[in-house]
Amino acid sequence: MEALGIDVGGTGIKAAPVDLKKGKRLTKRLRIPTPQPSTPEAVYDVLDEMIAHFEWTGAIGCAVPSVVRGGVVCTAANIDDGWIGRNAGADLAQRYGRTVTVLNDADAAGLAENTFGAAAELEGTVLLLTLGTGIGSALFTDGVLVPNTELGHLEFKGQDAELYAAARLVSRGLSEREWAVRLNEYLNYVEDVLSPDHLVLGGGISKNFDQYSDLLSTNATIRPARFRNRAGIIGAALATGGVT
Ligand code: BGC
């Protein structure tokens, strides 16, 4: 079984067909810069291009950086506000004449890690955090996803946590060490709130995790995600269950 996984991010939209039994991309991914402004219509035009590129007639899953409930996009932190209240699931189903599964990007990444990646063997409460432009979260309890947790928006040190601890701060002048110290503070705060058994960290940090691991200390085990920037695509495809 196969599905097209699409990951809509603040700077790039990525897609690839995925083998759902193996959790592997079937081809190289296609990346197109996110149009600015990133309105639903402008993003839908990019999706048209991607579906045409892969000549895709099967199942489609689409991850977005927002709370998504029953296909309806409810928030827009790193994407155009025009998404708020849009039933993206219904829009895309009408556009492509088949079911399109729309879900939160971190939840998609979590599904990939939970099914085939770093969280596959873990029991208990597992929290995956994606550390990039924002902070995304996917919470699993004994393998079952609790969707839309949005722990990047916890109030921390008087501000939105992702403004304090997102990885993008490194490209904005914070040293890697300073960022790791902030991240550790945030992880400890999340631990106070949720007491997870395991933390899985995705985003750029998963590439050079050894560089940071000594600076991170929680009661929960901490490990890097496996799929790095492929998790959103793979998880979006998995979320379809192959259903068109
Ligand atoms: C959004 C989340 C998203 C995360 C990572 C946050 O700003 O609110 O929905 O999962 O960024 O993209």
Side-chain angles (χ1 to χ4, degrees), residues 5-15 31 33-38 40 43 46 61-89 101-114 117 119 126-140 145-157 159-172 179 182-183 186-187 189-190 193-194 196 199-206 224-225 227-236 238-239:
I6 304 174
D7 187 6
V8 177
T11 54
I13 304 178
K14 294 147 272 178
R31 182 186 188 279
T34 306
Q36 300 300 337
S38 51
V43 170
V46 172
C62 182
V64 293
S66 307
V67 167
V68 184
R69 302 181 73 194
V72 178
V73 176
C74 305
T75 61
N78 293 308
I79 197 161
D80 190 81
D81 280 352
W83 284 87
I84 297 174
R86 281 299 280 264
N87 191 331
T101 306
V102 182
L103 75 165
N104 172 261
D105 57 358
D107 285 344
L111 287 175
E113 295 296 336
N114 190 54
V126 179
L127 179 64
L128 171 111
L129 294 169
T130 61
L131 307 167
T133 310
I135 295 180
S137 60
L139 180 66
F140 291 83
L145 174 69
V146 181
N148 296 314
T149 43
E150 293 290 328
L151 299 183
H153 298 297
L154 283 175
E155 187 180 327
F156 185 55
K157 300 210 182 233
Q159 59 185 315
D160 208 38
E162 76 175 18
L163 298 178
Y164 183 75
R168 72 169 149 189
L169 293 169
V170 173
S171 58
R172 296 186 178 178
W179 174 64
R182 286 187 180 203
L183 176 62
Y186 169 68
L187 295 181
Y189 181 58
V190 168
V193 177
L194 276 177
L199 291 166
V200 179
L201 303 183
I205 191 175
S206 55
F227 289 114
R228 300 181 187 170
N229 57 7
R230 307 188 303 280
I233 292 176
I234 294 172
L238 289 176

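Computed from heavy atoms alone, side chains included, the values below leave out hydrogens, waters and symmetry copies. One is the number of the first residue; the rest follow in order along the sequence. For ligands, and for the atoms within them, numbers begin at 1 and follow the listed sequence.
Atom 7 (O) of ligand 1 has as its closest protein heavy atom Glu162 OE1, 2.8 Å. If you check which protein heavy atom lies closest to atom 10 (O) of ligand 1, you get Asp105 OD1, 2.5 Å.
Not one N or O on the side chain of Trp83 forms a donor-acceptor pair closer than 3.5 Å with the backbone of Cys74. Side-chain atoms of Ser66 come within 3.5 Å of backbone N or O of Thr75 as a donor-acceptor pair. For the pair Glu162 (side chain) and His153 (backbone), a donor-acceptor distance under 3.5 Å is absent. Judged purely by atom type and a 3.5 angstrom limit, Asp80 uses its side chain to pair as donor or acceptor with the backbone of Gly82. Counting only distance, with no hydrogens or angles, the side chain of Thr34 and the backbone of Gly9 share a donor-acceptor pair below 3.5 Å.
In Ile135, the part holding a heavy atom less than 4.0 Å from any atom of ligand 1 is the backbone. The proximity of Ser137 to ligand 1, defined as any non-hydrogen pair under 4.0 Å, does not occur for either the backbone or the side chain.
Less than 4.0 angstrom separates some heavy atom of Ser66 from each of these atoms of ligand 1: 9 (O). Listed by number with element, the atoms of ligand 1 under 4.0 Å from a non-hydrogen atom of Ala77 are 7 (O), 8 (O). Atoms of ligand 1 lying under 4.0 Å from any heavy atom of Gly136, numbered from 1 in the order shown and given with element: 4 (C), 5 (C), 10 (O). Near Glu150, meaning under 4.0 Å from one of its heavy atoms, ligand 1 places the atoms 1 (C), 2 (C), 8 (O), 9 (O). For ligand 1, the atoms sitting less than 4.0 Å from at least one non-hydrogen atom of His153 are 1 (C), 6 (C), 7 (O), 8 (O), numbered in the order shown with element in parentheses.
Residue Thr75 places every heavy atom at 4.0 Å or more from ligand 1.
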Quiz item: Between Leu103 and Arg69, does a side-chain contact (heavy atoms from CB on, under 4.5 Å) hold up when you go through it step by step?
Solution: CA-CA 8 Å; Leu103 75 165; Arg69 302 181 73 194; over 6 Å; no
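Atom CG of residue Leu139 and atom CD of residue Glu150 lie 12.5 Å apart, to the nearest 0.5 angstrom.
Taking distance alone, with nitrogen or oxygen atoms compared against 3.5 Å, Thr130 stays at or beyond that limit from ligand 1.
Considering Leu183, Leu187, Ile205 in turn, Leu187 is the only one that fulfils the side chain to side chain contact (heavy atoms under 4.5 Å, CB included) rule with Leu129.
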